[in-house]
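Worksheet: one structure, shown below.
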Amino acid sequence: MKNENNPYVKLVGERLEITTEGVKHLDEVVTSSDGPVYAFYGKANPLMAAAAMARLSRRGSDLREIYLDEFAASDESSAEGLIQRVVTAFGDDSVQQLIGLHVVVEDASNYLTKLLEWGRFAAYLEQSTRYIYYDEKNSKGEFKYYTPTNLDKKTLAAYKKTHDKIFTIYSKMVHDMTAFVRKKVPEPENPREKIAWRGATKAQACDAIRPVLPVSTKSTVGIFGSAQAIESLILHLLSEELLEARQTGQALLEQARRVIPAFLERTDRPDRGGATTAYRATTKKAMDELVKKYLPAKSADFKNEVVLIDYWPKDELDVVPHLLFNESNLSTAELEKTAKKLTVKQKQEILNAYLGQRLNRRHRPGRSFEIPHYLWEVTADYGTFRDLQRHRVVDAFEWQRLSTDYGYEVPELVVQAGQTKAFKECFKLSEQLYELMIKAGYDAEAQYATLFGHRMRYRFGLNARAAFHFIELRSSPQGHPGYRKIVNEMHEQLAKVHPRIAAAMAFVNKDEDPELTRMASELATQYKLEKLDSI
């Protein structure tokens with residue numbers, strides 16, 4: 001017993017018992033004071049709850065008993081010392097996984113949003129360029145774009161002048177496009193359909209015009225992650241070349257320390273986080289120098305939008321032994337030996353059984369489907385990249401430096417609306433600013449001058465199970481036409497090498513883009529809201 005004056009527990013012989021006061025306290029901090037499953041809530045101090053969980057490796061007691069014995073009777077002033085001792089005693093890496101934190105980054109450039117969402121083990125939400133007009137100015141009369149703080153006066157003046165012109169053109173185009181779409185698709189009479197129509201027409205107008213938004217366009221990103229994930233994000237940002245990223249990393253560390261200081265005590269220590277940041281930065285710099293030394297400055301290969309670089313296994317039926325593993329008692333070697341004796345028909349039977357009867361896209365096959373892998377390379381516009389990059393269960397998701405070198409496409413809707421000239425003017429302005437910034441020595445910052453519509457190249461790996469989610473979700477009718485095209489091409493290429501697995505992706509949508517891509521989704525939302533209002 002840690003504290004003899006603790007009102008929540010008492011020592012009876014060699015056993016601790018929870019007192020009546022202890023039960024009352026538990027009722028305020030856990031959802032069940034006696035059941036085997038419960039959650040901390042209400043008046044529970046999340047730091048104390050995490051520290052109590054960390055003690056599980058050294059105490060065989062009920063966690064509620066541990067909490068009452070060691071943490072509940074401590075006041076806020078001593079909480080930090082207790083947690084520091086736990087972190088030191090039981091290892092900060094594991095304990096960091098037990099506490100979560102909500103953090104928000106306001107006014108982040110859209111390039112920074114991708115750096116913020118780089119990690120795999122956190123949750124992210126950001127403002128969407130598909131549903132919001134970026135035409136308003138702030139109290140200072142500024143459009144919503146990020147301006148690097150390290151530009152010289154001449155470059156800064158050109159940067160602001162160009163961005164103001166692009167945003168002015170965008171503002172007129174997006175409203176004109178909304179009017180064009182609404183004229184093309186008449187307003188319905190039904191009130192529910194009318195609300196859905198407004199949302200869908202606005203989304204379609206934003207989709208068509210967003211390619212002219214600069215990568216500097218500001219956004220807000222909400223992040224939830226464990227202390228370990230937040231620390232990893234901070235270290236990643238601090239090692240980046242862009243000043244915006246490093247400043248944000250430092251700000252995140254300062255603000256997160258106000259909530260969970262003990263869990264981030266070593267983040268910037270020279271022998272811990274400092275060494276990690278230095279390692280990442282110096283490695284990146286060394287690679288950059290070797291690229292400049294040995295490789296051509298520009299690519300000449302931008303013909304194919306989607307390329308399946310590699311895949312494994314070469315024969316998709318080689319996955320059959322792995323499908324049998326969980327339900328058998330044989331080793332993998334025994335399963336592979338047995339599978340060689342099976343006919344193609346028998347292997348197909350096993351594959352079909354493992355896949356089961358999928359009734360919707362959320363019915364994904366078991367984890368053996370994480371064994372087949374596909375490595376993809378995509379060359380497409382930045383706007384669709386930023387949508388696809390948010391998927392967490394991917395491998396080796398990396399992208400190349402943004403530039404204006406590889407062109408852009410004019411959406412068909414822009415041509416129909418007679419906005420081609422204004423659309424191209426934005427790209428002309430962007431390309432002029434980009435070249436000016438490159439000549440001035442701002443290679444990294446020049447990426448802010450590129451537009452959402454500029455093409456770029458990225459690469460990522462997907463296991464088959466993740467591919468089900470990725471391709472079926474992103475091909476749905478309410479999705480952006482740009483990434484629907486990409487994932488449908490991915491599915492076609494996957495079908496050439498693994499036809500059975502591709503055929504099992506029954507919810508890949510191959511239909512033409514509907515007149516209003518989000519109309520059905522908007523209608524469903526309105527129906528649900530009406531139901532909630534009637535409760």
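When reading the values below, keep in mind they use all heavy atoms of this one structure, side chains included, and skip hydrogens, waters and symmetry mates.
Glu231 approaches Arg266 most closely through the heavy-atom pair OE2-C, 4.4 Å. Scanning all heavy atoms of the two residues, the minimum distance from Leu233 to Leu116 falls at CD1-O, 3.6 Å. When all heavy atoms are compared, the tightest approach of Arg484 to Gly479 is CD-O, 3.6 Å. Minimum interatomic distance between Ala54 and Leu98 (heavy atoms only, all atoms of both residues): N-CD1, 3.7 Å. The minimum heavy-atom distance linking Ala122 with Ala229 is given by the pair CB-CB, 4.3 Å. Of all heavy-atom pairs spanning Pro411 and Phe423, the tightest one is CD-CZ, 3.5 Å.
Remark: side-chain polar atoms of Gln493 are paired, donor with acceptor, to backbone N or O of Leu308 under 3.5 angstrom. Arg392 contributes a side-chain N or O that, together with a main-chain N or O of Arg390, makes up a donor-acceptor pair within less than 3.5 Å. A distance-only check finds a donor-acceptor pair linking the side chain of Ser475 to the backbone of Asn509 [under 3.5 Å]. Listed for the Tyr483 side chain is a donor-acceptor partner under 3.5 Å among the backbone atoms of His480. The backbone N or O of Gln228 sits nowhere less than 3.5 Å from a side-chain atom of Ser232 that would complete a donor-acceptor pair. Proximity of a side-chain donor or acceptor of Arg120 to a complementary backbone N or O of Val393 within less than 3.5 Å is not detected. A side-chain donor-acceptor contact under 3.5 Å links Thr282 to the backbone of Ala278. Judged by distance alone, the side chain of Lys510 and the main-chain N or O of Asn488 form a donor-acceptor pair under 3.5 Å. Checking side-chain atoms of Thr31 against main-chain N and O of Ala39 turns up a donor-acceptor pair under 3.5 Å. Remark: side-chain polar atoms of His373 are not paired, donor with acceptor, to backbone N or O of Leu462 under 3.5 angstrom.
Ring centroid separation for the pair Tyr145 and Tyr448 does not come in under the 6.0 Å cut-off. Taking the six-membered ring for Trp and the full ring otherwise, the centers of Phe460 and Tyr374 sit at least 6.0 Å from each other. Taking the six-membered ring wherever Trp is involved, the centroid distance between the rings of Tyr382 and His454 does not fall below 6.0 Å.
For the pair Arg364 and Phe468, the cation-pi test (distance below 6.0 Å, angle within 45°) is failed.
A distance of 14.5 Å separates CD in Gln204 from NZ in Lys202, rounded to the nearest 0.5 Å. Put simply, CD on Gln346 and NZ on Lys341 are 12.0 Å apart, with the number rounded to the nearest 0.5 Å. A distance of 6.5 Å separates CG in Leu237 from CG in Leu112, rounded to the nearest 0.5 Å. The CG atom of Asp381 sits 9.5 Å away from atom CE of Met456, with the distance rounded to the nearest 0.5 Å. For the atom pair Gln389 CD and Tyr124 OH, the distance stands at 8.5 Å (nearest 0.5 Å). In this structure, CZ on Arg59 lies 9.5 Å from CG on Leu56, to the nearest 0.5 angstrom.
A salt bridge does not link Arg401 to Asp405: none of the charged nitrogens lies less than 4.0 Å from a carboxylate oxygen. Ion pairing of Glu370 with Arg367 is present here, as a side-chain N (NZ or NE/NH1/NH2) and a carboxylate O approach within less than 4.0 Å. Electrostatic pairing of Lys114 and Asp387 does not count as a salt bridge here, judged by no charged N lying under 4.0 Å from a carboxylate O. A salt bridge links Arg386 to Glu126: one of the charged nitrogens lies within less than 4.0 Å of a carboxylate oxygen.
A 6.0 Å sphere centred on OH of Tyr41 holds more than 12 heavy atoms belonging to other residues, nucleotides or ligands. Heavy-atom neighbours of Glu334 CD from other residues, nucleotides or ligands within 6.0 Å: above the threshold of 12.
Glu316 is listed as a side-chain neighbour of Pro499, based on a closest heavy-atom distance under 4.5 Å. With contacts defined as side-chain heavy-atom distances shorter than 4.5 Å, the pair Arg272/Thr267 does not qualify. Counting only heavy atoms from C-beta outward, the side chains of Ile486 and Trp376 never approach each other to under 4.5 Å. Side-chain contact check for Val181 versus Leu413: some heavy-atom pair is nearer than 4.5 Å. At a threshold of 4.5 Å between non-hydrogen side-chain atoms, the residues Gln250 and Glu254 count as touching. Between Tyr354 and Ser368, some side-chain heavy-atom pair lies under the 4.5 Å cut-off. Under the 4.5 Å side-chain criterion, counting only non-hydrogen atoms from C-beta, Val306 is not in contact with Glu492. A 4.5 Å side-chain heavy-atom check between Thr379 and Tyr458 finds every atom pair outside the cut-off.
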Pair Leu101, Val259 - check side-chain contact (heavy atoms from CB on, under 4.5 Å), show working. CA-CA 8 Å; Leu101 187 66; Val259 185; 3.6 Å; yes
Glu244 vs Ser109, test: side chain to side chain donor-acceptor pair (under 3.5 Å). Steps then yes/no. CA-CA 8 Å; Glu244 181 191 15; Ser109 74; 2.8 Å; yes
Worked verdict on Leu355 versus Phe369 for side-chain contact (heavy atoms from CB on, under 4.5 Å): CA-CA 9 Å; Leu355 286 164; Phe369 261 61; 3.7 Å; yes
Should Phe507 and Leu473 be marked as a side-chain contact (heavy atoms from CB on, under 4.5 Å) after you check the CA-CA gap, both sets of side-chain angles, and the distance that decides it? CA-CA 8 Å; Phe507 302 98; Leu473 171 66; over 6 Å; no
Tyr146 vs Tyr111, test: ring pair (Phe, Tyr, Trp, His ring centres under 6.0 Å). Steps then yes/no. CA-CA 10 Å; Tyr146 173 79; Tyr111 191 84; over 10 Å; no
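Counted by atom type alone, Lys144 and Gln127 present one or more donor-acceptor pairs between their side chains at under 3.5 Å. Side-chain contact check for Asp315 and His498: no donor-acceptor pair (N or O, by modelled atom type) lies under 3.5 Å. Donor-acceptor pairing under 3.5 Å is recorded for the side chains of Thr220 and Glu106.
Here Glu398 pairs with Arg459 under the salt bridge (Lys or Arg N to Asp or Glu O under 4.0 Å) rule; sequence neighbours left out.
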Tell me which donor-acceptor pairs under 3.5 Å the side chains of residues 291-299 have, and how far apart each pair is, sequence neighbours excluded?
| from | atom 1 | to | atom 2 | distance (Å) |
| --- | --- | --- | --- | --- |
| Lys292 | NZ | Asp288 | OD2 | 3.3 |
| Ser299 | OG | Asp301 | N | 3.0 |
| Ser299 | OG | Arg457 | NH2 | 3.2 |

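Ile230 pairs with exactly one of Leu252, Leu235, Ile223 by the side chain to side chain contact (heavy atoms under 4.5 Å, CB included) rule, that one being Ile223. Paired with Glu472 under the rule salt bridge (Lys or Arg N to Asp or Glu O under 4.0 Å), one option of Arg361, Arg362, Arg358 passes, and it is Arg358. Screening Tyr134, Tyr133, Tyr170, Phe452 against Ile209 for a side chain to side chain contact (heavy atoms under 4.5 Å, CB included) leaves a single residue, Tyr170.
Residue pairs meeting the ring-ring contact (aromatic ring centres under 6.0 Å, His included) criterion with at least one partner in residues 233-262, sequence neighbours excluded, are Trp118-His236.
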